[in-house]
Each structure stands twice: as C-alpha cells, then as structure tokens.
Amino acid sequence: QVQLVESGGGLVQAGGSLRLSCAASGRTSSVLTMAWFRQAPGKEREFVAAITPNGRSINYAGSVKDRFSISRDDVQMAVYLQMNSLKSEDTAVYYCASRSGFGLPTMFRYYSYWGPGTQVTVSS
C-alpha cells in the first residue's frame, strides 16, 4: 500500500501563487508516475499534471500549462505543484495520485493511489 498526503492548499487572491506538496509513504517502490488532479464542486475530477520518475517526462492540462509547474523529489518521495497566476476557475480540491507504471495518463482510473485532497480557493 502507498499513502499519499497533500499539503499547501488555502485561500489566495486571483493572480497569486500557491505551492502544493504531496508526500508518499509505505510501499514507495511501487510509486512511478505521480500526478495532480482537481475537482470543483459539481464537476468531474480532471487531470492537472503528471510527472515520471526523475522528471524525465511531464504532461500538463492545457488550462494550466504556462501557469503551473510540477516537480518531484525521488529521494524524499514527494511531488510538488507550483501554481502561479491563479484564477477563480482554479478553485477546487486538489488530489495527489500515483501509479505503479510509467507513462503520463490523464484519466484518473489509471492511478491506483490517492491522497485525501487539499482545498484551493481563489478569490476574484
């Protein structure tokens, strides 16, 4: 089993920045691709960004590209999401996810482990 715990969410004004962190523990040898998803009230969970081990490959959703940056620390077994130029439409619960495989899938069903989520609220 892998446990994921997110931190760093909060309330920020539009145009501001936040940095989310996610720490993995447990059977971390099975953690390969890590990703961030988000879910706004009344909407489906959507892909935000994913990163393979060593940061070799990265993928972003079009709506966050050029504003968000994903990175990871494979020694600390953590993944980060730097969010800049935040907009009200970025308001959501942000989830960290991992899978025991490579690739950069954008569909949530390809990820096995999930954190409980952290709330990000952007005020306009």
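What's counted below: heavy atoms across the whole structure, side chains too, no hydrogens, waters or symmetry copies. Note that this is a predicted model, so its numbers are computed, not measured.
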Original post:
Does the pair Thr91 and Val120 meet the rule for a side-chain contact (heavy atoms from CB on, under 4.5 Å), with working shown?
Top reply: CA-CA 5 Å; Thr91 294; Val120 172; 5.9 Å; no
**OP:** Determine whether Leu18 and Val64 fall in the same hydrophobic cluster, where Ile, Leu, Val, Met, Phe, Trp and Tyr are linked whenever their side-chain heavy atoms lie under 4.5 Å apart.
**Re:** yes
Original post:
Do Arg38 and Tyr94 have side-chain atoms, one donor and one acceptor, less than 3.5 Å apart?
Top reply: yes
Original post:
Which value, rounded to the nearest 0.5 Å, describes the distance between Ile51 atom CD1 and Ser57 atom OG?
Top reply: 9.0 Å
Subject >> Heavy-atom pair with the smallest gap, counting every atom of Ile70 and Ile58 >> reply: CG2-CG2, 3.5 Å
Subject >> Arg19 charged N/C atom sitting above Tyr80 aromatic ring, 6.0 Å / 45° >> reply: yes
Original post:
Could you state the interatomic distance from CG (Leu11) to OG1 (Thr121), rounded to the nearest 0.5 Å?
Top reply: 6.0 Å
**OP:** Could you tell me whether a side-chain N or O of Tyr111 sits under 3.5 Å from a main-chain N or O of Pro105, the two making a donor and an acceptor?
**Re:** yes
**OP:** Test Val12 against Ser123 for side-chain contact (heavy atoms from CB on, under 4.5 Å), laying out the working first.
**Re:** CA-CA 6 Å; Val12 63; Ser123 63; over 6 Å; no
Original post:
If you measure from CG on Asp90 to CZ on Phe68, what distance do you get to the nearest 0.5 Å?
Top reply: 4.0 Å
Original post:
Taking C-beta and beyond as the side chain, do Gln1 and Tyr113 meet within less than 4.5 Å on heavy atoms?
Top reply: yes
**OP:** Look at the rings of Trp114 and Tyr95 and say which category their plane angle falls in: under 30° parallel, 30 to 60° tilted, over 60° perpendicular.
**Re:** perpendicular
Subject >> Value rounded to 0.5 Å, distance of CG in Leu32 from OG in Ser29 >> reply: 9.0 Å
Original post:
With a 4.5 Å limit on heavy-atom distance, are the side chains of Leu81 and Ser69 in contact?
Top reply: no
Subject >> Non-hydrogen atoms of Arg67 and Leu86 that approach each other most closely >> reply: NH1-CA, 3.9 Å
Original post:
Short question: side chain of Asn54, backbone of Arg56 - any donor-acceptor pair under 3.5 Å?
Top reply: no
Original post:
Counting distance only, does the side-chain N/O of Asp74 pair as donor-acceptor with the main-chain N or O of Met77 below 3.5 Å?
Top reply: no
Original post:
Do Glu6 side-chain atoms and Thr118 backbone N/O form a donor-acceptor pair below 3.5 Å?
Top reply: no
**OP:** Return the minimal non-hydrogen interatomic distance between Thr33 and Ala50, and the atom names on each side.
**Re:** CG2-CB, 4.3 Å
Original post:
Yes or no on side-chain contact (heavy atoms from CB on, under 4.5 Å) for Ser30 and Val2, after CA distance, side-chain angles and deciding distance?
Top reply: CA-CA 8 Å; Ser30 64; Val2 174; 3.5 Å; yes
Original post:
For the atom pair CD (Glu46) and CD (Glu44), what is the distance rounded to the nearest 0.5 Å?
Top reply: 10.0 Å
**OP:** Treating Ile, Leu, Val, Met, Phe, Trp and Tyr as nodes and any side-chain heavy-atom pair under 4.5 angstrom as an edge, say whether Val48 and Phe108 lie in one connected cluster.
**Re:** no
Original post:
Can you name the closest pair of heavy atoms from Arg72 and Pro53 and give their distance?
Top reply: NH1-N, 3.3 Å
Subject >> Cluster check Phe37, Val122: I/L/V/M/F/W/Y, side chain < 4.5 angstrom >> reply: no
Subject >> Rounded distance [0.5 Å steps], CD in Gln82 versus OG in Ser17 >> reply: 5.5 Å
**OP:** Give a yes or no answer on whether the side chain of Thr28 reaches the backbone of Ser25 with a donor-acceptor pair at less than 3.5 Å.
**Re:** no
Original post:
What is the minimum heavy-atom distance between Pro116 and Leu4, and which atoms define it?
Top reply: CD-O, 3.3 Å
Subject >> Minimum heavy-atom distance Ser21-Trp36, with the two atoms named >> reply: O-CH2, 3.7 Å
